[in-house]
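Scroll down for the structure; my scribbles are underneath it.
Every number for a ligand or one of its atoms is a count from 1 in the order of the listing.
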Amino acid sequence: MAVVVVTGSASGIGSATRQRLETAGDNVIGVDLRDAEILADLATPLGRSEAIAAVERATHGRLDGLVVCAGIGPESEPWSTIVSLNYFGAHALLEGLRPALAAAEAPAAVAVSSNSSTLPNADTPLVDACLAGSEMEARNIALTLDGHRTYAGSKRALARWVRRNAPGADWAAAGIRLNAVAPGAALTPLLQRGLDHPAYGPAIRNFPIPLGDFGTPDQIAAAITFLLSPEASFCCGSILFVDGGTDALLRPDDY
Ligand code: NAI
């Protein structure tokens with residue numbers, strides 16, 4: 001039985017991931033604002049360090065899998081909180097729990113990015129501020145952007161951090177497989193809040209999905225649990241798009 005930490009486990013993709021793992025017999029430790037084994041606000045430095053300490057206590061410093069899924073959507077204000085949770089919350093848990101992962105036999109971690117991360121408007125100075133580790137600067141930049149560019153930038157930074165670090169000394173060479181999924185629109189409470197928003201709703205509905213419809217949380221969870229599993233034992237630094245074909249449609253020649 002593997003021990004797996006899932007952030008954002010109370011809802012949507014995180015909850016579907018939890019269900020799949022538990023069905024397979026794994027022991028899931030959820031981290032969320034509510035309905036989880038560990039209650040923590042991952043948008044704040046204090047919440048992140050409390051969560052990391054609580055996981056270390058619960059796992060005795062040995063963790064088989066980590067899924068950093070907690071996130072909020074482009075309609076969430078203030079926009080500075082989007083970058084604090086979606087990038088810095090995810091990054092802090094990946095780095096903070098890396099020693100516990102390294103102590104396991106065949107550990108793996110999965111970050112949840114987004115297919116919005118490849119859109120041209122995701123490319124802003126926010127990405128560099130995130131990758132430089134400057135949360136204050138990133139939060140200030142977010143306040144000059146809009147929710148969508150902040151969201152997409154936070155997810156681009158997370159995917160880029162995975163690409164830069166997965167093959168390196170701290171991850172691959174330490175025996176930890178690090179990968180990401182880039183979901184497209186999947187019908188969860190997060191997406192529903194966007195659809196209900198007067199500005200973001202029409203934009204989301206106009207986004208083309210070649211396979212026809214929104215995805216389900218379980219379709220994204222299937223990709224996450226694949227990347228965690230031994231079936232993906234040669235995957236390292238992959239960004240797995242699970243988006244009904246949107247990214248391939250918009251960027252056929254870029255991969
Ligand atoms: P959701 O809203 O259903 O679930 C998000 C979970 O994160 C909730 O349980 C919530 O309580 C938790 N959370 C929110 N703020 C938190 C905080 N400060 N600290 C700790 N936990 C917090 O959302 P969904 O759709 O399942 O999203 C999961 C991830 O997937 C997010 O990172 C999101 O950006 C990403 N994603 C979702 C897409 C979609 O269409 N649903 C598309 C692309 C990416």
Side-chain angles (χ1 to χ4, degrees), residues 5-20 28-52 54-55 67-94 110-119 122 135 147-148 150-159 162 180-197 200-201 203-205 207 209 213-221 223-224 239-244 246-247:
V5 165
V6 178
T7 74
S9 59
S11 177
I13 295 167
S15 170
T17 301
R18 166 172 214 141
Q19 272 179 354
R20 274 190 173 256
V28 174
I29 300 172
V31 182
D32 205 303
L33 290 173
R34 60 183 171 85
D35 300 331
E37 284 74 12
I38 296 172
L39 301 181
D41 182 354
L42 300 178
T44 68
L46 179 64
R48 295 167 202 153
S49 52
E50 285 177 350
I52 291 163
V55 169
V67 181
V68 285
C69 187
I72 48 177
E75 79 298 337
S76 308
E77 293 190 44
W79 298 321
S80 48
T81 309
I82 299 175
V83 73
S84 278
L85 177 62
N86 292 8
Y87 179 80
F88 288 97
H91 173 266
L93 263 72
L94 285 165
V110 179
V112 179
S113 178
S114 163
N115 72 348
S116 68
S117 64
T118 62
L119 295 174
E135 184 168 4
H148 187 72
T150 300
Y151 179 83
S154 70
K155 294 296 188 179
R156 177 181 290 227
L158 185 58
V162 167
V181 292
L187 206 43
T188 66
L190 179 153
L191 186 72
Q192 192 60 56
R193 284 190 294 275
L195 289 168
D196 292 343
H197 190 278
Y200 295 108
I204 294 169
R205 285 188 186 85
F207 217 51
I209 303 176
D213 210 346
F214 295 137
T216 66
D218 190 57
Q219 286 173 315
I220 314 300
I224 293 171
I239 309 293
L240 178 50
F241 285 82
V242 192
D243 70 348
T246 303
D247 186 67

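Here the side chain of N115 pairs no donor or acceptor atom with the backbone of V242 at under 3.5 angstrom. Side-chain atoms of D243 come within 3.5 Å of backbone N or O of D247 as a donor-acceptor pair. The backbone N or O of K155 lies less than 3.5 Å from a partner atom in the side chain of S113, making a donor-acceptor pair. Y151 contributes no side-chain N or O that, together with a main-chain N or O of S116, makes up a donor-acceptor pair within less than 3.5 Å. Within the 3.5 Å criterion, the main-chain N or O of A16 finds no donor-acceptor partner in the side chain of D218.
Looking only at protein heavy atoms, the nearest one to atom 19 (N) of ligand 1 is L42 N, 3.0 Å. Scanning all protein heavy atoms for the shortest distance to atom 40 (O) of ligand 1 gives A186 N, 2.8 Å. Among all protein heavy atoms, the one lying closest to atom 7 (O) of ligand 1 is G8 CA, 3.6 Å. Looking only at heavy atoms of the protein, atom 1 (P) of ligand 1 is closest to S11 OG, 3.6 Å. The protein atom (non-hydrogen) at minimum distance from atom 15 (N) of ligand 1 is L85 CD2, 3.4 Å. Of all protein heavy atoms, the one lying nearest to atom 18 (N) of ligand 1 is D41 OD1, 2.7 Å. Of all protein heavy atoms, the one lying nearest to atom 27 (O) of ligand 1 is L190 CD1, 3.8 Å. Counting protein heavy atoms only, atom 20 (C) of ligand 1 is closest to A40 O, 3.3 Å.
If you check each of G14, G71, A70 against atom 5 (C) of ligand 1, the one with the closest non-hydrogen atom is G71.
Y200 and H197 have tilted rings, their planes meeting at an angle from 30° to 60° on a 0 to 90° scale.
Near G12, with a cut-off below 4.0 Å to any heavy atom, the atoms of ligand 1 are 3 (O), 26 (O). Applying the 4.0 Å criterion to heavy atoms of V112 picks out, from ligand 1, the atoms 29 (C), 30 (O), 35 (C). Proximity to A10 (heavy-atom distance under 4.0 Å) selects the following atoms of ligand 1: 9 (O). The distance from ligand 1 to the heavy atoms of C69 drops below 4.0 Å at these ligand atoms: 28 (C), 29 (C), 31 (C), 32 (O). For ligand 1, the atoms lying closer than 4.0 Å to a non-hydrogen atom of A43 are 18 (N). Here is the list of ligand 1 atoms found below 4.0 Å of a heavy atom in A185: 40 (O). For ligand 1, the atoms lying closer than 4.0 Å to a non-hydrogen atom of I13 are 26 (O), 30 (O), 37 (C). Using a 4.0 Å cut-off to heavy atoms of R193, the atoms of ligand 1 that qualify are 2 (O).
The shortest distance between side-chain heavy atoms of L33 and D41 falls below 4.5 Å. When side chains are defined from C-beta on, F207 does not count as touching R205, because their heavy atoms never get closer than 4.5 Å. Side-chain atoms of V112 and T7, non-hydrogen and from C-beta on, never get closer than 4.5 Å to each other. The closest side-chain heavy-atom distance from S84 to R48 is below 4.5 Å. Using a 4.5 Å cut-off on side-chain heavy atoms (C-beta onward), L119 and H148 make contact.
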message: Test side-chain contact (heavy atoms from CB on, under 4.5 Å) on L187 and L195; report intermediate values, then the result.
response: CA-CA 10 Å; L187 206 43; L195 289 168; 4.0 Å; yes
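With a heavy-atom cut-off of 4.0 Å, L33 touches ligand 1 through backbone and side chain alike. In A182, neither the side chain nor the backbone holds a heavy atom less than 4.0 Å from any atom of ligand 1. At a heavy-atom cutoff of 4.0 Å, ligand 1 is contacted by the side chain of Y151 but not by its backbone. Using a 4.0 Å cut-off between heavy atoms, S9 makes no contact with ligand 1 at all. Of all the heavy atoms of T188, the ones lying under 4.0 Å from any atom of ligand 1 belong exclusively to the side chain.
For the atom pair CG (D32) and OG (S11), the distance works out to 8.0 Å, reported to the nearest 0.5 Å. Distance check: R20 CZ to S15 OG gives 12.5 Å after rounding to the nearest 0.5 Å. How far CD1 of I204 is from CD of Q192: 9.0 Å, rounded to the nearest 0.5 Å.
The N/O atoms of N115, backbone and side chain alike, include none that comes under 3.5 Å of an N/O atom in ligand 1. Geometrically, ligand 1 and D32 share a nitrogen or oxygen pair separated by less than 3.5 Å.
In this structure, A16 does not count as a contact residue of ligand 1, since none of its heavy atoms falls inside 4.0 Å of the ligand. Contact analysis leaves G194 out of contact with ligand 1, as no non-hydrogen atom separation drops below 4.0 angstrom. At least one heavy atom of G184 sits less than 4.0 Å from an atom of ligand 1.
Here the shortest heavy-atom pairing between I82 and S76 reads CD1-O, 3.4 Å.
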